[in-house]
Amino acid sequence: MNHHSMKQKILDIVLAAAHRALEAGALRSSDFPPFEIEEPKLVQFGDFSTNFAMAAASVQKKAPRKIAEAIVKYMDDPGGILQRTEIAGPGFINFFIRPDAWYPVLKTVYDQGSAYGARDLGNGRKVQVEFVSANPTGPLHVGHGRGAVVGDTVANLLSFCGYDVQKEYYINDSGRQIRTLGLSVYLRYKELFGQEVNFPADCYQGDYIRDIAADIRNRNQADLLKMKEEDAVSWAARYAAADILEGIRDDLKSFGVGFDNWFSEQSLYDRGRVEAAMGELLSRKILYEHDGALWFKTSEYGDEKDRVVVRTNGITTYFASDIAYHLDKFDRGFERVIDVWGADHHGYIPRMKAAVAAAGRRKEQFDVILVHLVNLLRAGEPVAMSTRSGEFVTLREVVNEVGKDAARFIFLTRHYESPLDFDLEVAKQKTNDNPVFYVQYVHARISSIQRNAAERSDLPQGAWDQQSLMLLQAPEEIQLIKALARYPDVVQSAASLLEPHRITFYLMDLAALFHAYYNKHRVLTEDSMLSQSRLYLVTAVRKVMRNGLSLLGVSAPEKM
RNA sequence: GCGCCUGUAGCUCAGUUGGAUAGAGCAACGGACUUCUAAUCCGUAGGUCGCACGUUCGAAUCGUGCCGGGCGCGCCA
């Protein structure tokens, strides 16, 4: 299988030319600097261009244009893919590809099918993506949804590119907020029995707390009133956390997000992992005692100050269990660990990186993806969102209203470090305002063409026929094939930069090219040969669309 | 005050990890449906890439300073 990308072929041609030029004495140094093969923004500059000459100028001690001339002079084109080359501007070499040289791309798309676009970056290495990890103290809201899609899609991308990926949800089921949850439920429970209670402001205010309390009463799960308050609170806490977690699991499921592992914070304590981690760090003198507390020397690893891991009262901080948790991740054999956090936690990154570094892991082994907030709007007006008052819009409500596909896609229409306006009305619109349908519509349209083609006996679907493909001469057709050829590069950069929005933008581009083509040229005509070639082309477009949408976890409808 | 993020068309945002004359969508204006799905397309107009220096063949992109916006700075989670 020799599916070299066009870009790679150009790179080979340039390098070979450089070597020949060197042998012939037209270049001085065998030291070729790194250079780029890129796709120029303007069509007049060809299909590809290279900055080799400019990049090499200082080493070769020659004017860039002279170097470019030498490269062009000694250039060989064994595959016969070049129509012409030219030297332009300060020393760019522009390459114009013969239209028929693009056709094999279509065959590659067919041959590789659902694997088209995948580059093996991971080589089977184990990577873990941890995301959402919302406290089980209330339902997921829209912001969690964004993190969920980003994490899920990053995991899809890495898995597609040869990593062995595990998706994990970290459950904060120990500590104070869980106790507060228990207390909240307990107090609501007492209210149900007509008792006067003073419901504190720092308890969870949402109605779901009342629902849980009612649930406990109605199903006669336990008689909390007969228990000692302390026992009742902890019983309520466990019950409520499990119940809420079940809801979170369901919400995520209907959002298309599933996890391979649900990891309990409490289990770290139960298995003595926190204690063990602290002990190890203490013996390595990375922890030290000061003012009656235990401190981590994070400042020696780039943090601005040291951090407390065990308080004066003997209780560990959240940081302590987080250290243990991350050490545990690496102990489980993951070579690479990726955390997806809300942007409000960004101040936490230096100390977490410090902890990972102190554990002897390399910088590249740990990444944090910071997902910025979502502004929920309805027809341009902000929707009130306050967790404290309990008046927030849940992820479930959003998914129920606009659908899984629209929600997922829209969450990925921005770089995750950019705040996102999510307008519920726009998400439902079936117009160009809403990119989901714009992209899905391509898939539906092509599916429709295929259904029509199936009625005709003169159109074998999916057959490679070089002769008929030669009929694909329109600029729009070549543009489409070029876009398909670009897809593997897009996937690679999305995966290596952990930037799923690149797939989204690519699909919108491809969709625009297709819709333009569709409006200008008819696929199925009286001309069998031409129809066959165009059918071959649009079927390839459909395959790539499908691949891209599946990475995003968005469906590819046959009809709309 | 310190740190992180951010500033690109009226609005919302891309920008191939330093490339050539800065790109979409929306909004505005003007067009295209007896043809495979008009949930579409075509055209026009729209810019001091926050500002100023610097780095170099070349900067929206890198560096420094300033201005504006968001967030974070607990022995909380």
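Every chain is numbered from 1, with letters handed out A, B, ... down the list of sequences. Keep in mind the model is a prediction, meaning the values are calculated, not measured.
The base-pairing partner of C73(B), taking Watson-Crick or G-U wobble contacts with both distances under 3.5 Å, is G1(B). Nucleotide A52(B) is matched to U64(B) when pairs are restricted to Watson-Crick or G-U wobble geometry with both distances under 3.5 angstrom. Pairing of C11(B), defined by two Watson-Crick or G-U wobble distances under 3.5 Å, is identified with G25(B). For G19(B), the paired nucleotide is C57(B), the pair qualifying as Watson-Crick or G-U wobble because both relevant distances are below 3.5 Å.
Within the 4.0 angstrom heavy-atom criterion, base atoms lie near H521(A). Using a 4.0 Å heavy-atom cutoff across all strands shown, E36(A) reaches sugar-phosphate atoms only and no base atom. At the heavy-atom level, P419(A) lies under 4.0 Å from the strands shown only through sugar-phosphate atoms. Residue-level contact check: N94(A) touches the bases, meaning some heavy atom is under 4.0 Å from a base atom.
Distance noted for atom C1' between A28(B) and U64(B): 42 Å (whole Å). When the P atom is compared between C76(B) and G70(B), the two are found 29 Å apart, to the nearest whole Å. With both ends at atom C1', the span from A45(B) to C51(B) equals 28 Å, rounded to whole Å. Remark: the separation of the C1' atoms in G68(B) and G50(B) is 7 Å, to the nearest Å. Rounded to the nearest Å, the gap between the C1' atom of G18(B) and that of U12(B) is 27 Å. Only the C1' atoms considered, A60(B) is 11 Å distant from G7(B), to the nearest whole Å. G63(B) and C11(B) have their P atoms separated by 27 Å, with the value rounded to a whole Å. Rounded to whole Å, the P atom of U16(B) lies 15 Å from the corresponding atom of A22(B).
The aromatic ring of F92(A) sits over the base of A20(B), with ring centres less than 5.5 Å apart and planes inclined by under 30°.
With 3.5 Å as the limit, one finds a donor-acceptor pair spanning the side chains of Q440(A) and D405(A). Between the side chains of D339(A) and H326(A), at least one donor-acceptor pair of N or O atoms lies under 3.5 Å.
A cation-pi contact links R445(A) to Y518(A), judged by a cut-off of 6.0 Å to the six-membered ring centre and 45° from its axis.
Residue R311(A) places at least one side-chain N or O under 4.0 Å from the OP1 or OP2 atom of A77(B). The side chain of Y518(A) contributes an N or O atom lying less than 4.0 Å from OP1 or OP2 of A38(B). The phosphate of A20(B) has OP1 or OP2 within less than 4.0 Å of a side-chain N or O from K41(A).
Checked against G19(B), G15(B), U35(B), the side chain of E38(A) finds its nearest nucleotide in G19(B). For R445(A), whose side chain is taken as the heavy atoms from C-beta onward, the closest listed nucleotide among C42(B), A38(B), U6(B) is A38(B). Nearest nucleotide to the side chain of Q44(A), out of C13(B), A20(B), U21(B): U21(B). When distances run from any side-chain atom of E304(A) to the nucleotides A20(B), G3(B), C75(B), the shortest one goes to G3(B). When distances run from any side-chain atom of Y348(A) to the nucleotides A77(B), A39(B), G19(B), the shortest one goes to A77(B). Ranking A14(B), A39(B), U12(B) by closeness to the H501(A) side chain, first place goes to A14(B). Distance from the side chain of R414(A) is smallest to U12(B) among C71(B), A38(B), U12(B). For H346(A), taking side-chain heavy atoms from C-beta onward, the closest of the listed nucleotides C36(B), C41(B), G72(B) is G72(B). Out of U16(B), C75(B), A39(B), the shortest distance to the side chain of Y441(A) is found at A39(B). With A20(B), U40(B), A77(B) as the candidates, the nucleotide lying closest to the side chain of Y438(A) is U40(B).
The NZ atom of K7(A) lies 9.0 Å from the CZ atom of R486(A); values are rounded to the nearest 0.5 Å.
One N or O on the side chain of H346(A) and one on the backbone of A343(A) form a donor-acceptor pair closer than 3.5 Å.
For F52(A) and F35(A), the ring centers sit closer than 6.0 Å to each other. Between Y169(A) and F131(A), the ring centre distance reaches or exceeds 6.0 Å.
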